[in-house]
Amino acid sequence: MVEDKLSPAAITSNLETSFVGQRVIYYPRLTSTMEIARQEAKRGAAEGTTVVADKQTAGRGRMKRIWISPQGSIALSVVLYPEIVYLPFLVMLASLAVVHSIEAVTGLVPQVKWPNDVLINGKKVCGILIESEVRGKHVDYVIMGIGMNINLRLADFPEIQPIATSLSDELGREVSRLEVIRWLLKEIERLYQSLPDGESIYQEWRGRLVTIGKRVSAQWGATRYEGIAESVARDGSLLLRLSDGSLTRVVAGDVVMR
Ligand code: BTN
């Protein structure tokens, strides 16, 4: 059993960042880290302030879904104040930070499913939720929420077992959540600081997408598109070649690979 107690001190001590994760607010149990991070941002918390919970009771996912985050998972939200031009890159940045952290700590090789699910062997190990408050051309704040399945037995969660995995299920051993969190915070900061060169983030994210070249069905609101995922644009949208030969742009939503 890996010694894995989370605390602000354990997360921040000698953390090689200048702002991300330098202030950590930790809860053993919480509704959703998104809520506390939002309150912090509204109060003008320092950029990089990070809310971490051992367990969320009302974790939320994209498109109003519930996010299950029991003991053994990672649930964290980071407060950021980016310029508006960088908003599209944050989804890419977060997925890459997760991928790099998993690779560094475990040696596993994750993939990204458009727009920002991180998969291992075709199953979801991490979900990312980016929420922002924007007024005109000014970003009041962004909350970058990351949920990762670390030391979970998916057999205990039959409702998500067919589509989800955890690092411990993949490796057959437990992983230090603390180590993953510390890598993650470092990677978020490194990539965030490289945003003025958003092109390299876009290129790497595009290269990691398992979705490209696949027949997919994309759902956005009430509309469903079927086609071949041909590419992604720099604004993060998915370019789908439909059966009539036309190219359509899916800005947000979810895809199912056929
Ligand atoms: C998704 O794949 O639908 C996104 C899931 C995002 C879950 C994380 S866990 C930390 C943060 N708090 C939440 O309530 N949601 C995000």
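In this text, all values refer to a predicted model and were calculated from it rather than measured experimentally. Whatever order the structure lists them in is the order used to number ligands and atoms, beginning at 1.
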**Student:** More than 12 foreign heavy atoms under 6.0 Å from CG of L171: is that the case here?
**Tutor:** yes

**Student:** Between E16 and R190, is the closest basic N to carboxylate O distance under 4.0 Å?
**Tutor:** no

**Student:** May I have the N/O to N/O pairs between ligand 1 and the protein that fall below 3.5 Å, each with atom names and distance to one decimal?
**Tutor:**
unit_1: ligand 1; atom_1: 2 (O); unit_2: K124; atom_2: NZ; d: 2.6
unit_1: ligand 1; atom_1: 3 (O); unit_2: R62; atom_2: N; d: 2.6
unit_1: ligand 1; atom_1: 12 (N); unit_2: T33; atom_2: OG1; d: 3.0
unit_1: ligand 1; atom_1: 12 (N); unit_2: Q56; atom_2: OE1; d: 2.9
unit_1: ligand 1; atom_1: 14 (O); unit_2: S32; atom_2: OG; d: 2.7
unit_1: ligand 1; atom_1: 14 (O); unit_2: Q56; atom_2: OE1; d: 3.4
unit_1: ligand 1; atom_1: 14 (O); unit_2: R60; atom_2: N; d: 2.8
unit_1: ligand 1; atom_1: 15 (N); unit_2: R60; atom_2: O; d: 2.7

**Student:** Before accepting this row, confirm whether a basic side-chain N of the pair R29/D54 lies closer than 4.0 Å to the acidic partner's carboxylate O.
**Tutor:** no

**Student:** Hey, are R249 and D235 close enough for a salt bridge, meaning a charged N less than 4.0 Å from a carboxylate O?
**Tutor:** yes

**Student:** Less than 4.0 angstrom from a charged side-chain N to a carboxylate O is my criterion; do R215 and E226 meet it?
**Tutor:** no

**Student:** side-chain hydrogen bond (donor to acceptor under 3.5 Å, both in side chains) for E189 and S18? Distances and angles first, verdict last.
**Tutor:** CA-CA 8 Å; E189 179 169 302; S18 57; 3.1 Å; yes

